[in-house]
Every structure is written in C-alpha cells, then in structure tokens.
Amino acid sequence: MSRPYVLARPVAGQSIYDRRMHVLGPTDPLPRRPVRRVAVAGPAGSGKSTLARTLCERMGVPYVEFEPFFHGPGWTVRETWQSDVLRFLDGDVWAIEWQGEQVREQMTARLDVLVWLDHPRALATTRVIVRTLERRVGRGSKIAGDNVEGPLHTFFTDPQHIVKIAWRYHPIMRARVRKVIDENRHPDLVVVRLRGQRQVDQWLRGPFDQSTV
C-alpha cells in the first residue's frame, strides 16, 4: 500500500523537512537559502515553463526553456541535446522544466528544490486546450526549434495530439515524482507540492521570496 502524500506539519521530535514522511506545501519555509537550482515538474498544461520563467526572473538569471534543447527544425531530435542540457545544468543558478528521460536523474541530483505542480487533471488539460486553440488558429505560432503547430483538425487525426498526451501523461508524471520521494536517493532534495494557481502564487510570495533574501 502506498503511503499518503500529505503537506509537511511539525510533530514532536521530527523536522518538517523529513521527506521520508512528507513533502512541503505552499506555506512551509524552505530549509536551504538561497535557492539556486530549481526544476518544475508537472504534466502539460500545469504551467511548468511559466513558473520556471518567473523563478529565473526573481533569481536574476536568464530563462532557458527545455524544449529547444530537444527539438530541432521539422520536429527533429537534436543530436547534442543531452550534452547541451548537462552543460546547462553545470551552471550555478537556474530554473528549468523537469523533463528529458535520459537526463532527468542527473538533473534531480543537481537540484536544491523540485517544485511539483500537482494540479487536478481537468485543470491541466483545460489549460492545454486553451493554449492549443491560441497557437493553432490559422497557421499556428512558432514554438520550440522554430517549429509550427498544425491546424486544429489534427486533434481528430493525430493520436499524439498534445491534448490527448496531456490527459494520458498526468498520472504518469505524478508517479514519477512520487518515485523520487519514495526512493529518497537524494536526501538533500526539497520537494514542494503545489495544487492549483492559488498555491503557486502563495508559495512565490511566501517561502520562495523569503529564500532569496
């Protein structure tokens, strides 16, 4: 039976940062200051890129999106993407999306904080639908690797359409983060679980801002 994932609360003789028992919530203070290396986990539509960009702005470093590391023109996979990501992760201060199966473990080993955007499945999928409508009206807008998303009707013909992937991927991402917590292979890693935009905003205004001063 899997154990529950509850927000951290202090009990007698136990630190609230004991991730063998808990993950932190939106109001729990961060034990490490300043926070220098952050990854944002979540399915499509959870706001990973938006939050990573915001974190970079508050830490005073340029934001580098993960997707252009991976995708080249014509949706090809760039041959050097893994080495490029690892070179980026050697930097002192950054925030980025927790992506890339082949580099995720190396990324996790370098982290101070893993922010888990565990939004309800319906909310994340709705965000993907809205974003897709915005991007795919007409000819579509350019995204990673200078690529262009296809027209709206591909939702009915493409089994790998982003909206369908977002719905299927939600429980997969949740399981991956829970595995990191359960295995506890990185005892210094802080995991922060946020559900809904209100908690994201609350964490940014509170624990995160306090960790940067």
Side-chain angles (χ1 to χ4, degrees), residues 2 4-8 19 22-28 30 35 37-59 63-71 85 89 94-105 107-108 111-136 141 143-144 147 149 155 160-182 189-209:
S2 62
Y5 288 79
V6 296
L7 300 183
R19 280 146 336 265
H22 301 287
V23 298
L24 303 187
T27 62
D28 294 313
L30 295 169
V35 172
R37 296 178 175 184
V38 187
V40 184
S46 61
K48 296 187 300 296
S49 298
T50 299
L51 181 55
R53 182 182 294 107
T54 299
L55 295 174
C56 285
E57 291 173 355
R58 299 194 181 197
M59 291 190 293
Y63 166 63
V64 178
E65 188 178 8
F66 185 92
E67 283 296 327
F69 281 119
F70 186 80
H71 284 123
V85 170
L89 296 177
W94 42 261
I96 196 169
E97 301 91 334
W98 196 61
Q99 297 186 169
E101 284 302 301
Q102 294 87 343
V103 299
R104 186 176 280 122
E105 176 59 26
M107 182 185 297
T108 305
L111 289 176
D112 295 332
V113 176
L114 176 63
V115 182
W116 177 18
L117 298 180
D118 190 26
H119 302 328
R121 196 177 193 180
L123 172 61
T125 305
T126 299
R127 286 182 170 183
V128 174
I129 294 171
V130 172
R131 185 178 66 192
T132 299
L133 289 172
E134 292 174 346
R135 285 179 173 175
R136 299 198 179 196
S141 58
I143 51 175
N147 293 296
E149 293 189 348
F155 173 81
Q160 298 301 313
H161 190 281
I162 185 60
V163 174
K164 298 176 183 178
I165 291 177
W167 182 260
R168 296 196 302 264
Y169 196 71
H170 191 276
I172 295 174
M173 176 53 67
R174 179 174 287 175
R176 286 174 177 166
V177 178
R178 287 177 169 172
K179 182 178 179 181
V180 169
I181 299 169
D182 283 336
L189 175 63
V190 175
V191 179
V192 178
R193 180 180 185 234
L194 305 174
R195 289 180 56 82
Q197 191 59 43
R198 180 177 297 180
Q199 289 194 3
V200 173
D201 295 339
Q202 188 178 24
W203 182 72
L204 284 171
R205 291 193 305 266
F208 181 76
D209 276 355

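The basis for the numbers below is simple: all heavy atoms, side chains too, and nothing from hydrogens, waters or symmetry mates.
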A.B. asks: Applying salt bridge (Lys or Arg N to Asp or Glu O under 4.0 Å), name anything that partners Arg205, two or more places apart in sequence or on another chain.
C.D. replies: none
A.B. asks: For Glu105, which residues count as a side-chain contact (heavy atoms from CB on, under 4.5 Å) partner, sequence neighbours excluded?
C.D. replies: Arg185, His186
A.B. asks: Does the side chain of Cys56 come within less than 4.5 Å of Arg53's, by heavy atoms?
C.D. replies: no
A.B. asks: For the residue pair Ser49 / Glu97, report whether a side-chain donor-acceptor contact shorter than 3.5 Å exists.
C.D. replies: yes
A.B. asks: For a side-chain contact (heavy atoms from CB on, under 4.5 Å) check, start with the C-alpha distance between Arg195 and Val200, then their side-chain angles and the critical distance, and finish with the verdict.
C.D. replies: CA-CA 7 Å; Arg195 289 180 56 82; Val200 173; over 6 Å; no
A.B. asks: Knowing that exactly one of Val113, Val191, Leu30 qualifies, which makes a side-chain contact (heavy atoms from CB on, under 4.5 Å) with Leu24?
C.D. replies: Leu30
A.B. asks: Could you tell me whether the side chain of Val192 reaches within less than 4.5 Å of the side chain of Leu114, counting heavy atoms only?
C.D. replies: no
A.B. asks: Can you tell me how far the CH2 atom of Trp203 sits from the CG atom of Leu117, to the nearest 0.5 Å?
C.D. replies: 9.0 Å
A.B. asks: Check salt bridge (Lys or Arg N to Asp or Glu O under 4.0 Å) between Arg37 and all other residues, then give those that pass, not counting sequence neighbours.
C.D. replies: none
A.B. asks: Evaluate Val190 against Asp112 for side-chain contact (heavy atoms from CB on, under 4.5 Å), listing each step before the verdict.
C.D. replies: CA-CA 6 Å; Val190 175; Asp112 295 332; over 6 Å; no
A.B. asks: Is it the case that the side chain of Ser46 and the backbone of Pro43 share a donor-acceptor pair, with hydrogens and angles ignored and the cut-off at 3.5 Å?
C.D. replies: yes
A.B. asks: Please confirm whether the backbone N or O of Leu204 pairs with a side-chain atom of Arg58, one donor and one acceptor, at under 3.5 Å?
C.D. replies: yes
A.B. asks: Could you list the residues that satisfy side-chain contact (heavy atoms from CB on, under 4.5 Å) with Val85, not counting sequence neighbours?
C.D. replies: Phe66, Phe69, Trp81, Leu89, Val103
A.B. asks: State whether the side chain of Arg193 and the backbone N or O of Trp116 hold a donor-acceptor pair below 3.5 Å, judged by distance alone.
C.D. replies: no
A.B. asks: Search all heavy atoms of Val38 against all heavy atoms of Leu111 and return the closest pair with its distance.
C.D. replies: C-CD2, 3.7 Å
A.B. asks: Shortest non-hydrogen contact from Val40 to Lys48?
C.D. replies: O-CD, 3.5 Å
A.B. asks: Hey, does Asp201 have a side-chain heavy atom less than 4.5 Å from the side chain of Gln197?
C.D. replies: yes
A.B. asks: For Arg198, is there any backbone N or O sitting under 3.5 Å from a side-chain donor or acceptor partner on Gln202?
C.D. replies: no
A.B. asks: Which atom pair, heavy atoms only, marks the closest approach of Ala95 to Met59?
C.D. replies: CB-CE, 3.8 Å
A.B. asks: When rounded to the nearest 0.5 angstrom, what distance separates OH in Tyr63 from CG in Leu55?
C.D. replies: 10.0 Å
A.B. asks: When you measure from the side chain of His119 to the backbone N and O of Gly196, does any donor-acceptor pair fall under 3.5 Å?
C.D. replies: yes
A.B. asks: With sequence neighbours excluded, what pairs up with Gln99 under the side-chain hydrogen bond (donor to acceptor under 3.5 Å, both in side chains) test?
C.D. replies: Glu67
A.B. asks: side-chain hydrogen bond (donor to acceptor under 3.5 Å, both in side chains) with Thr108: which residues, sequence neighbours excluded?
C.D. replies: Trp98
